[in-house]
Amino acid sequence: MKVLVAVKRVVDYNVKVRVKADGSGVDLANVKMAMNPFCEIAVEEAVRLKEKGVATEVVVVSIGSNAAQEQLRTALALGADRAVLVESNDELNSLAVAKLLKAVVDQEQPQLVILGKQAIDSDNNQTGQMLAALSGFAQGTFASKVEVAGDQLNVTREIDGGLQTVALKLPAIVTTDLRLNEPRYASLPNIMKAKKKPLDVLTPEGLGVSAASTVRVLKVEAPAARSAGIKVGSVAELVEKLQNEAKVI
Amino acid sequence: MDFKLSEEQQMLQDTVARLVRDNYGFEQREHFYRSEAGFSRAFWQQLGELGLTAVPFAEAHGGFGGSGVDNMLLMTELGRGLCLEPYLQSQIHAGGLLQQLGNAEQHERLLPVVVSGELQLALALEEPHSHYHLQHVQTRAERVDGGWELSGRKAVVIGGHSAGLLLVSARIRGDVRDEQGISLFLVDAQAHGLSRQVYPNIDGPKACDLFLDRVFVRSDDLLGEPGQALPALRYQQGRAIAAQCAEAIGSMEEACKLTLDYLKTRKQFGTPIGKFQALQHRMVDMRTELEVATSMAILAACVADQADSEERSRRLAAAKFIVTRAARFIAEQAIQLHGGIGMTWEYNLAHHAKRLVMLSHQLGDDDHHLRAYAELLQSA
């Protein structure tokens, strides 16, 4: 079974981001970039499937600038076999990314596509779902457990108030939640091996996909600073304040 | 000059940074510190499993042929986490000596287990009166049937309590400060006649004093030609200095980060104290010193693996001096900017400050390296 994993280059989750003075976006100058944490979980799951003998090949794909090769190399160091970069310097929205991924899916013909449930930069949480719609594949989102049973895939999903298990017919699309697995560290021997693994570069034009954006960002601003709290003397006072000041009960 | 890291170096840095971040939180470190070994054996094992203990070793010896820059990246991250494991002493310093002086049989016997991290090494070079002079060796080695007998005392052997094998310098002939006549011996940690007094250094890692009373060492466990070890000791100390500079950079960066966060958070007179210009100046001075020190640490990393020369020694002495000066300045300023909490055991900065101050007492202090630099300047 061939597994395709999509990864995204984002600001490292340890970086405290700053909004640009003109409110047009987040300041990315000299900021450390890394693989989106949910995508790391996706890569890890694919590599585990390969180690179990379920997957035969793990292909990672990223869409973005040339610099995204770094994240693809990291995925190769984590155990993926081959990488594909769809090089584009434009700001791409979820639909454009899903269309490009659909083109890659058509080319690669994977049985399973694993994506992170969302990227930590834009928090859109829609690429996986859109790709499922475009490709007509079954989808299992927010996965906390993935099991392959014959030609079907059992995905345990984290939903409000509990867990839901769905059975998907292959080919299928899975998006990962935080608790699916704990990604490994890239070992030095694997880092060295990653250098020799193939990495193909494609373009949106080559794939025949228009990446024109249908969404425009109007303004980006930092969240309001949290104001100081107050201490209340008793439960009665708390209830009174919640009723009359906060008006929430 | 191109300072950009290669993709592999970037990944190496990312792996170590993440490993340290995940495993070396403040409380975890406290736990390791209070354990019997004084560091985390599990973390050490993990370094081995990920191939990180193999970085400084040549590919011919089963390592990854890491350059000075690779060692720098690794040590910087270990320094950022104030890691207690004797990586520098065992893998870079002692490992370097074993590679340089060992013969084919010794390489075959020892390097595989050292490279994988299964065998930890410790270096016993300093003595109570040596005061950073490598040629000051009072410990004697006498020839006996089938080998040598070592007697004397070695001081501040970092990781000496947990190492499986000790590299001990001893004199086979000559006076206390003669440059000729110094040999390096491989001494089993359980050797008869070897005793140790273990204590924690003020910055965390455990060290010990070694007492050698007619400790028998086989002829096969002499490293290099008899009496000719000093040039290798000096050369490898240079590599260790470069690694130590890198470690200091990681710790200094963290100290600056903690201090800046504190200035932005702590309020006095109704405003964050970082608004006060006098404190801003101090913070800027810290960052300036850090930038200078970082440049010197990069220079040290670049020359560390070059062939031995006076120019290399001079640059390394300069790097050690500048980095140590910056380390002390940053540690002291950080404490001043924090006030009392900067000295509190429960706050990470205090531990960085202690580590940064201790740097100048390892591998030569400021005066030692300033003098070395001046002498090398005259001969240049």
Side-chain angles (χ1 to χ4, degrees), chain A residues 7 9-16 18 30-37 39-41 43-44 60 62 65-80 83 85 178 181-199 201 222 225-229, chain B residues 3-25 42-43 45-57 59 62-67 70-71 73-74 76-77 80-81 87 91 115-117 253-254 257-258 260-261 264-265 267 270 272 291:
Chain A
V7 300
R9 175 183 168 88
V10 297
V11 175
D12 188 278
Y13 75 93
N14 279 294
V15 173
K16 277 186 195 159
R18 282 204 303 207
N30 296 320
V31 169
K32 180 162 173 50
M33 305 296 278
M35 195 195 296
N36 177 38
C39 300
E40 260 184 11
I41 294 171
V43 173
E44 175 67 33
V60 279
S62 189
S65 69
N66 192 267
Q69 287 198 15
E70 282 173 26
Q71 279 62 47
L72 288 172
R73 287 280 172 215
T74 305
L76 293 173
L78 291 172
L85 172 68
L178 209 55
N181 59 47
E182 206 169 305
R184 68 193 66 193
Y185 301 99
S187 75
L188 198 53
N190 286 339
I191 290 174
M192 303 312 278
K193 274 186 219 153
K195 194 162 61 171
K196 299 192 184 87
K197 292 182 179 174
L199 192 158
V201 180
R226 208 178 137 204
S227 55
Chain B
F3 288 103
K4 208 164 173 289
L5 299 177
S6 71
E7 269 180 358
E8 290 79 43
Q9 288 173 331
Q10 186 70 57
M11 280 193 262
L12 169 69
Q13 188 184 40
D14 287 348
T15 291
V16 188
R18 200 175 123 207
L19 188 69
V20 171
R21 203 165 54 215
D22 292 351
N23 294 284
Y24 247 94
F43 186 73
Q45 200 183 338
Q46 210 169 4
L47 288 174
E49 283 164 9
L50 292 174
L52 299 172
T53 47
V55 171
F57 294 91
E59 284 179 58
F64 281 90
S67 64
D70 296 322
N71 290 347
L73 298 173
L74 211 150
T76 304
E77 297 310 321
R80 200 184 308 280
Y87 188 92
Q91 305 309 102
V115 168
S116 67
E253 283 177 358
E254 192 62 21
K257 189 171 147 248
L258 285 169
L260 187 62
D261 278 351
K264 287 179 176 173
T265 315
K267 283 189 179 167
E291 284 302 319

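Labels below follow one simple rule: chain letters A, B, ... track the order of the sequence lines, proteins then strands, and each chain is numbered from 1. Source: prediction; values computed, not measured. All values below come from the heavy atoms of this structure, side chains included, with hydrogens, waters and symmetry mates left out.
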Residues which pass side-chain contact (heavy atoms from CB on, under 4.5 Å) with Ser67(B), listed by chain and number, not counting sequence neighbours
Gln9(B), Val69(B), Asp70(B)
What part of Lys16(A) lies closer than 4.5 angstrom to a heavy atom of chain B: side chain, backbone, both or neither?
side chain
Measure the spacing between CD1 of Ile191(A) and CE of Met11(B) and express it to the nearest 0.5 Å.
6.0 Å
Interchain contact, Asn14(A) with chain B, by part (heavy-atom threshold 4.5 Å):
side chain
Passing candidate, side chain to side chain contact (heavy atoms under 4.5 Å, CB included) with Leu188(A), options Val55(B), Thr15(B), Leu74(B), Leu50(B)
Val55(B)
What residues of residues 66-76 of chain A sit under 4.5 Å from chain B when you count only heavy atoms?
Gln69(A), Glu70(A), Arg73(A), Thr74(A)
Among Glu49(B), Gln46(B), Arg18(B), which residue forms the greatest number of heavy-atom pairs with chain A at distances under 4.5 Å?
Arg18(B)
Short side-chain to backbone donor-acceptor contact, Ser187(A) and Gly51(B), under 3.5 Å:
no
side-chain contact (heavy atoms from CB on, under 4.5 Å) with Lys32(A): which residues, sequence neighbours excluded?
Asp12(A), Val15(A), Gln10(B), Asp14(B)
Relative to chain A, which segment of Glu7(B) carries a heavy atom at a distance below 4.5 Å: side chain, backbone, both, or neither?
side chain
Run the side-chain contact (heavy atoms from CB on, under 4.5 Å) test against Arg18(A) and tell me which residues pass, sequence neighbours left out.
none
Given side chain to side chain contact (heavy atoms under 4.5 Å, CB included), test Asp22(B) with Tyr185(A) step by step and report yes or no.
CA-CA 11 Å; Asp22(B) 292 351; Tyr185(A) 301 99; 2.9 Å; yes
